[in-house]
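Quick notes on the structure that follows.
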Protein chains: 2
Amino acid sequence: MNAAAVAGGQVGPSLDLVFQALADPSRRAIVERLARGPASVSELAQPLEMALPSVLQHLQLLEASGLVRSAKTGRVRTCRINSTALDQAERWISRRRSAMERAFDRLGDFLKE
Amino acid sequence: MNAAAVAGGQVGPSLDLVFQALADPSRRAIVERLARGPASVSELAQPLEMALPSVLQHLQLLEASGLVRSAKTGRVRTCRINSTALDQAERWISRRRSAMERAFDRLGDFLKE
DNA sequence: CCTATAGTTAGGTAAATACCTAACTATAGG
DNA sequence: CCTATAGTTAGGTATTTACCTAACTATAGG
């Protein structure tokens with residue numbers, strides 16, 4: 001790995017984990033659901049065709065990535081989305097887009113020379 | 001998995017692969033490099049501390065995801081970034097943000113009730 | 001107190017990932 | 001033609017992932 005060394009980026013709470021979390025369709029489904037509002041673990045599990053423990057595992061990954069926060073009250077754990085992590089991913093992408101545009105401009109200048 | 005069934009999204013060329021590709025720091029480094037302009041395989045490999053075949057493997061993944069295109073002329077393979085795949089990822093995220101804003105508005109309405 | 005509900009833990013399997021070395025192919029250029 | 005360069009293929013290993021079942025804990029509510 002050695003990400004920071006290689007990819008001169010600001011370190012922060014791991015883009016790796018955010019993108020990794022978003023790479024799975026079930027986890028994206030969870031994020032999509034939570035984007036409409038908070039939900040309990042079993043509400044999140046219901047549309048997913050898999051056993052509860054598997055859902056839990058996905059949730060753990062989502063929490064580790066920072067995309068999701070949760071808190072337990074009584075016997076119910078309520079999960080919410082955390083926009084900060086999503087922002088991070090979006091900003092990484094949009095920085096790439098800027099770099100591409102700059103490259104494109106340089107190409108234009110070159111052709112005009 | 002069963003992504004589409006579960007996550008009502010439009011299908012298109014796999015968001016799974018795009019996010020998966022972006023989840024690795026070496027691959028992001030490659031994308032960052034290519035965002036500044038095209039490069040050969042060995043140019044891409046140079047800053048990464050790993051053997052060439054490993055770089056190749058990352059490149060294959062990047063091509064499979066649609067993030068990178070490449071073509072060989074002579075003995076040199078030139079790689080370029082493909083903005084479409086990046087757009088897809090960005091749009092998925094921004095759709096989530098919209099959903100979050102709508103949810104937030106509904107909450108406001110509710111509090112006003 | 002008792003039972004159903006909500007979530008959690010333990011532990012196991014199959015497949016995918018991220019690397020590596022060694023050996024090979026193809027082309028540029030003297 | 002020969003050699004150095006650019007990339008590729010084959011094949012192997014350690015780790016991580018995405019699931020599962022079975023068994024457990026904790027709390028709501030009658």
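A note on names: the letters A, B, ... follow the listed sequences, proteins ahead of strands, and every chain is numbered from 1. In this text, all values refer to a predicted model and were calculated from it rather than measured experimentally.
Computed from coordinates, the B:Leu59 CG to D:dA6 P distance equals 16 Å when rounded to whole Å. When the P atom of D:dT5 is taken as reference, atom CD of B:Glu43 falls 16 Å away, rounded to whole Å. In this structure, B:Leu52 places its CG atom 14 Å from C1' of C:dA23, rounding to the nearest Å. The nearest whole Å value for the distance from the CD atom in A:Gln20 to the P atom in C:dA16 is 15 Å. Separating the CD atom of B:Glu63 from the C1' atom of D:dT8 is a distance of 13 Å, rounded to the nearest angstrom. The distance from atom CE of B:Met50 to atom P of C:dC20 is 6 Å, rounded to the nearest whole Å. Regarding A:Arg27, its CZ atom lies at a distance of 12 Å from the C1' atom of D:dC19, rounded to whole Å. For the pair B:Leu48 CG and D:dG7 P, the computed distance is 14 Å after rounding to whole Å.
Salt-bridge annotation for A:Glu63 and A:Arg69: absent, with no side-chain N of the basic residue lying under 4.0 Å from a carboxylate O of the acidic one.
Remark: the A:Glu90 side chain and the B:Trp92 side chain contain no N/O donor-acceptor pair separated by less than 3.5 Å.
Of the listed nucleotides (D:dC20, D:dA18, D:dG7), D:dG7 has the atom at the smallest distance from the side chain of B:Leu56. When distances run from any side-chain atom of B:Arg77 to the nucleotides D:dA22, C:dC20, D:dT8, the shortest one goes to D:dT8. Comparing D:dA6, C:dG7, C:dC20 by their nearest atom to the side chain of A:Ser42 picks out C:dG7. Listed nucleotides C:dT9, D:dG7, D:dA18 differ in distance to B:Lys72; the shortest reach to its side chain belongs to D:dG7.
In this structure, C:dG29 and D:dC2 make a Watson-Crick or G-U wobble pair, each of the two defining distances being under 3.5 angstrom. Base-pair partner of D:dC24: C:dG7 (Watson-Crick or G-U wobble, both distances under 3.5 Å). Checking C:dT17 for Watson-Crick or G-U wobble geometry (two distances, each under 3.5 Å) identifies D:dA14 as its partner.
Projected onto DNA chain D by closest heavy-atom contact, B:Val41 and B:Gln57 fall at different nucleotides, the more 5' of which corresponds to B:Val41.
Distances shown here put every side-chain N or O of A:Ser54 at or beyond 4.0 Å from the OP1 or OP2 atom of D:dA18. Proximity of A:His58 to the phosphate of D:dT17: no side-chain N or O atom is located under 4.0 Å from OP1 or OP2. In terms of phosphate contacts, A:Arg75 brings no side-chain nitrogen or oxygen within less than 4.0 Å of OP1 or OP2 of C:dT8.
Hydrophobic clustering keeps A:Ile93 apart from B:Leu17 (ILVMFWY residues linked when any side-chain heavy atoms are closer than 4.5 Å, directly or through intermediates).
Between the side chain of A:Arg27 and the main chain of A:Leu22, no donor-acceptor pair closer than 3.5 Å is present.
Nearest heavy atom pair, residue B:Leu34 against residue B:Cys79, reads CD2-O, 3.4 Å.
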